[in-house]
Amino acid sequence: MANYPPGGGYPPGGFPPGGGPPPGGMGGPPMGGPPGGMGGPPMGGMGGPPMGGPPMGGMGGPPMGGPPGGMGGPPMGGMGGPPMGGMGGPPMGGMGGPPMGGMGGPPGMGGPPMGGMGGPPGMGMPPMGGPPMGGPVMASGGGSSKMKIIATAIGVGVLLVLGIIGAVWASGKSTLHVINNAGGGAITIYVDGAKVEENVPFTAGEDASKARSTTIPAGKHKVEAKDASGKVLDTQSMDFDGFFAAYLFAPAHSPKTCFVLQTDAYGTAKVASPYTQLDPTRSLWKVPKSVDSWWRDNPDTVQLKGGKTKQTGTTKTAMRQITCGDPNFQN
């Protein structure tokens, strides 16, 4: 094989048959530089930036305008608080987006528009600062007041009905007080043949523990007293008033025993006749006055009412069993 002389030129003796140098030449460098074999740098050199210079914004350096809004950094306005405009939207500038112009790609490709890829405004939380002015305000209605009025009216109605029922019931009731001064043993009281008080003990003097009282229907009745043998000792008939009018029955009492209403005055009160004696010839009486104490004396003192309607005086009445003609019970 022929060799090219140093410095180029044709080989000595010319080209071999065929008229030209072997394909690709021998010993000289290929046109345009060394062959692109293995180990050679690519066109444009190795390690250099792509043709046309580095991408806009440079490689590896921070993006124009400051650091990218990459992931991990707190959103603008501090950590922990939702971004302005509500929660759910990415922080201003986009989340994790590449720097302006993209990274490593040709100019104009690969990067999102300036400002990053933002989602729609966050939804689900009201704007900061509380509800808008003019919103609804909690206020109690008039329903509770109406219910109170209705309940009060119902209560008053119920009380009124109960009062009427009580008055009707009381209008048909009388109170019969019994004292046994007949001079024998115990007696039994009958009203219209029905037993109302049994074994009323004898008492010669005033003794409240031996007196009895019972309630009977208003109207005209026959009242009887019988001894233990069933013998009728006394029989009286009377028209009894209602509203718990008080009546006294002292069947077959001793002619020496009298019954007196004693009225005492307290404070500025005055009583014209302190003693009112019941007719000793009778054994059944309607008590003419309201009685405060049965078969005992009135109290020495009483407590007068104070306040706006201050009480300056009052009276008390007691039913007394006395010996007829006792000077201590004379007016």
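Just so you know, these numbers come straight off a predicted model, no measurement behind them.
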> Do you know which of Phe249, Phe240, Tyr247 makes ring pair (Phe, Tyr, Trp, His ring centres under 6.0 Å) with His221?
Replying inline: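 When Phe249, Phe240, Tyr247 are each tested with His221, the ring pair (Phe, Tyr, Trp, His ring centres under 6.0 Å) holds only for Phe240.
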Is there a donor-acceptor contact under 3.5 Å linking the side chains of [X] and [Y]?
| X | Y | answer |
| --- | --- | --- |
| Thr215 | Thr175 | no |
| Ser283 | Gln236 | yes |
| Thr268 | Thr312 | yes |

According to a hydrophobic-cluster definition based on side-chain heavy atoms being under 4.5 Å apart (Ile, Leu, Val, Met, Phe, Trp, Tyr only), do [X] and [Y] belong together?
| X | Y | value |
| --- | --- | --- |
| Leu284 | Tyr190 | no |
| Ile150 | Val158 | yes |
| Phe329 | Phe259 | no |
| Leu160 | Val168 | yes |
| Ile187 | Val191 | yes |

> What's the verdict on side-chain contact (heavy atoms from CB on, under 4.5 Å) for Val302 and Thr314, showing C-alpha distance, side-chain angles and the deciding distance?
Replying inline: CA-CA 9 Å; Val302 297; Thr314 188; 3.8 Å; yes
>> Show, in sequence, the C-alpha distance, side-chain angles and deciding distance for Lys146 and Ile149, and conclude whether the side-chain contact (heavy atoms from CB on, under 4.5 Å) test is met.
In response: CA-CA 5 Å; Lys146 292 181 180 178; Ile149 294 173; 5.6 Å; no
Under the 3.5 angstrom rule, does the side chain of [X] hit a backbone N or O of [Y] as a donor-acceptor pair?
| X | Y | value |
| --- | --- | --- |
| Asp227 | Lys231 | yes |
| Asn181 | Thr203 | yes |
| Thr257 | His253 | no |
| Trp295 | Arg320 | no |
| Tyr266 | Lys316 | no |
| Asp292 | Ala318 | no |
| Asp264 | Asn298 | no |

More than 12 heavy atoms of other groups within 6.0 Å of [X] [atom1]:
| X | atom1 | value |
| --- | --- | --- |
| Asp300 | CG | no |
| Gln330 | CD | yes |
| Lys289 | NZ | yes |

Closest non-hydrogen atom pair, [X] against [Y]:
| X | Y | result |
| --- | --- | --- |
| Lys220 | Asp239 | N-OD1, 3.3 Å |
| Ala245 | Asp241 | CB-O, 3.7 Å |
| Phe202 | Gly184 | CB-O, 3.2 Å |
| Val291 | Ser293 | CG1-O, 3.0 Å |
| Thr317 | Ser290 | CB-O, 3.5 Å |
| Asn180 | Pro201 | CB-O, 3.1 Å |

Rounded to the nearest 0.5 Å, what separates atom [atom1] in [X] from atom [atom2] in [Y]?
| X | Y | atom1 | atom2 | answer |
| --- | --- | --- | --- | --- |
| Thr188 | Glu224 | OG1 | CD | 11.5 Å |
| Ile154 | Leu159 | CD1 | CG | 12.0 Å |
| Asp234 | Lys226 | CG | NZ | 13.0 Å |
| Gln303 | Gln311 | CD | CD | 9.5 Å |
| Leu248 | Ser213 | CG | OG | 11.0 Å |
| Ile216 | Asp192 | CD1 | CG | 8.0 Å |

> Is the closest basic N to carboxylate O distance between Arg296 and Glu206 below 4.0 Å?
Replying inline: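 Between Glu206 and Arg296 there is no salt bridge, as every charged N stays at least 4.0 Å from the carboxylate O atoms.
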>> For Trp294 and His177, take the angle between the two ring planes, folded into 0 to 90°, and tell me which bin it lands in: parallel under 30, tilted 30 to 60, perpendicular over 60.
In response: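 If you compare the ring of Trp294 with that of His177, the planes turn out parallel.
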Indicate yes or no: at least one non-hydrogen side-chain atom of [X] is less than 4.5 angstrom from one of [Y].
| X | Y | result |
| --- | --- | --- |
| Ile189 | Val223 | yes |
| Leu261 | Pro288 | yes |
| Met319 | Val287 | yes |

>> Is there a side-chain contact (heavy atoms from CB on, under 4.5 Å) between Thr214 and Val178? Walk through the geometry before answering.
In response: CA-CA 8 Å; Thr214 186; Val178 180; 5.6 Å; no
